[in-house]
Amino acid sequence: MAMRMYEYKIHIKVVETKAQWLNIDMTTVSDVGLAPWLFNLYIDPKEEYPRRAPHERLPRLHGSRTQGSCCDVQEVSAQEHRAVGVCD
Amino acid sequence: MAEGDRLLKEFSVKKIKELAEGGAPFFLEHAFMKVHADNFASKAFEGKSGSKYPYKDDVVEVDAYIGEIVDALDKAGVLANTFVFVTSDNGPQLDSSPDAGYTPFRGAKGSAWEGGVRVPVIAYWRGMIKPGRQSDELFDLMDLFNTSLHLAGIANKNRRIVTSMASTRPRSCSPTTENPTARRSSSGTRKT
């Protein structure tokens, strides 16, 4: 069970595949107790890197609008800047 | 079974001609059986993809039929007034893999991961949508309901909570607001 808003996606009830087994009717799944899982699909379209908050690795997503400069976060690569498009 | 899509295409082509002659706005949903299950190409398309998988032949067949349906709209004189929307209702069904669709995302049909819910869309509207334009706007198939009503000039008088492209892009997608007769039909094709 998941919801999407803009580039963000939140899985409220997380179910992980235990055995793929054709990926549909025969698949065995198990609940993951810890939820929600949050993803930024622009930088993580394969949903491999859940974070506590969508902007965890990209604080400029908040900072760029409230503090003026989005380029203070040096660790953010140029590629990610282009992917998110907030630093044009 | 293998000839099913050919028969459905012939039905839609015939229906488009009838509906166009009627003069009223119309909605047509053409749901393909192929690129789903079972994947057996019709006689005319066996081996046409050059692949050893029937699924790939089906892709060629479905592509050809969409072309014939759009051509039918053109011949009926309504293509300029028709919104054509080609999409799928879910990610690939991998239980028939490798003779199946493919997704680069996590998961597949039956899950809430992107592989299950993210699908491609081709929207065609002559004179309204610039060819080659790409969009990552969020869209759900449920939006097609209200969008189709809007394009046909039917108002949502009861203000029911349903969304459409019209609600998010009122100017670019609401020609009927200014000219109720400007756009009068819509056509959707999808894989079931």
Next on the checklist: Atom CD1 of residue position Ile122(B) - does it have more than 12 heavy atoms of other residues, nucleotides or ligands inside 6.0 Å?
Outcome noted: no
Next on the checklist: Is Lys9(A) close to chain B through its backbone or its side chain, or both, or neither, when contacts mean heavy atoms under 4.5 Å?
Outcome noted: side chain
Checklist entry - Of the backbone (N, CA, C, O) and the side chain (C-beta and beyond), which part of Val15(A) lies under 4.5 Å from a heavy atom of chain B, both, or neither? => result backbone
With the 4.5 Å side-chain cut-off for hydrophobic clustering, are [X] and [Y] part of the same group?
| X | Y | answer |
| --- | --- | --- |
| Tyr6(A) | Met3(A) | no |
| Ile12(A) | Leu34(A) | no |
| Ile66(B) | Leu19(B) | yes |
| Phe40(B) | Val60(B) | no |

Next on the checklist: So which residue, Glu47(A), Glu48(A), Arg4(A), ends up with the most heavy-atom pairs under 4.5 Å with chain B?
Outcome noted: Glu47(A)
Next on the checklist: I'd like to know which of Lys13(A), His11(A), Met1(A) tops the heavy-atom pair count under 4.5 Å against chain B.
Outcome noted: His11(A)
Checklist entry - Rounded to the nearest 0.5 Å, how far does OG1 of Thr103(B) lie from NZ of Lys46(A)? => result 7.5 Å
Checklist entry - Tell me, which pairs form a salt bridge (charged side-chain N to carboxylate O under 4.0 Å, His left out) where one or both residues lie in residues 10-22 of chain B, sequence neighbours left out? => result Arg6(B)-Glu10(B), Lys15(B)-Glu18(B)
Next on the checklist: Between Arg118(B) and Leu41(A), does the side chain to side chain contact (heavy atoms under 4.5 Å, CB included) criterion hold? Intermediate values first, please.
Outcome noted: CA-CA 11 Å; Arg118(B) 190 189 291 204; Leu41(A) 296 178; 3.9 Å; yes
Checklist entry - When the ring planes of Trp113(B) and Phe39(A) are compared, do they come out parallel, tilted or perpendicular, using 30° and 60° as the limits? => result perpendicular
Checklist entry - Where the side chain of Glu114(B) meets the backbone of Pro45(A), is there a donor-acceptor pair that is under 3.5 Å apart? => result no
